[in-house]
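This report concerns only the one structure given below.
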Amino acid sequence: MATTATGGAFVDAVLAAVRAIPRGEVRSYAHIARLAGRPRGARQVARILAAAADPALPWHRVVRADGRIGFAPGSAGHREQARRLRAEGVVVRAGRVAPPAAEAPALDALLWAPR
DNA sequence: CTCATGACTAGCT
DNA sequence: TAGCTAGCCATGA
């Protein structure tokens, strides 16, 4: 137990946060890390998912901050994750999930009018 | 203890 | 828009 002392709770929080991701949605490693109480622990989140032995864990719903899949393109993990996401209705193209309203109608642009 | 690696991110060119 | 660099954090040699 004391191998990671301060990290035990973190691991538990990460797993809980990942399980809390709704089906058909995705979250970034940094986002999960923040929910777990470690804004700079994105890489540790990835490590935890890799070590997680829970088959029911929706690890495939965790992607990088820019929407791309963490696994290297062409690798088994990459294809597996893309396959699972598509099975949930998530649009995956060129190894990345559909961006949140990348192309919005002029109406939305007028309503938002940021910058 | 120091060095290298990685399912990461944000910033700069 | 795309590519590179530096920073961050835990694990293993």
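Excluded from the calculations below are hydrogen atoms, water molecules and symmetry mates; all remaining heavy atoms, backbone and side chain alike, are included. Chain naming here is simple, since letters A, B, ... match the order of the sequence lines and numbering starts at 1 in each.
- Within 4.0 Å of A:Ala50, counting heavy atoms only, lies at least one base atom of the nucleic acid.
- Using a 4.0 Å heavy-atom cutoff across all strands shown, A:Arg40 reaches sugar-phosphate atoms only and no base atom.
- Between A:Glu88 and A:Arg84 no salt bridge is recorded (no basic side-chain N to carboxylate O distance below 4.0 Å).
- Between chain A and DNA chain B, the heavy-atom contact criterion of under 4.0 Å yields a 5' to 3' nucleotide range of B:dG6 to B:dA10.
- In this structure a side-chain-to-backbone donor-acceptor pair under 3.5 Å is present from A:Gln81 to A:Val62.
- Contact of the A:Phe10 side chain with the A:Val45 side chain is registered, since non-hydrogen atoms from C-beta on lie closer than 4.5 Å.
- With hydrogens and angles ignored, a donor-acceptor pair under 3.5 angstrom links the side chain of A:Arg43 to the base of C:dC8.
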Go through A:Arg19 and A:Leu57 one step at a time and tell me if the side chain to side chain contact (heavy atoms under 4.5 Å, CB included) criterion holds.
CA-CA 6 Å; A:Arg19 289 182 182 123; A:Leu57 185 73; 3.7 Å; yes
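- For the side-chain contact (heavy atoms from CB on, under 4.5 Å) criterion with A:Arg61, the lone passing option out of A:Glu25, A:Arg23, A:Arg27 is A:Arg23.
- Taking both residues in full, the closest heavy atoms of A:Ala65 and A:Ser28 are given as CA-CB, 3.8 Å, listed atom of the first, atom of the second, then distance.
- Note: CD (A:Gln44) to P (C:dC8) measures 13 Å, nearest angstrom.
- Straight-line distance from the CZ atom of A:Arg47 to the P atom of C:dC8: 18 Å, rounded to whole Å.
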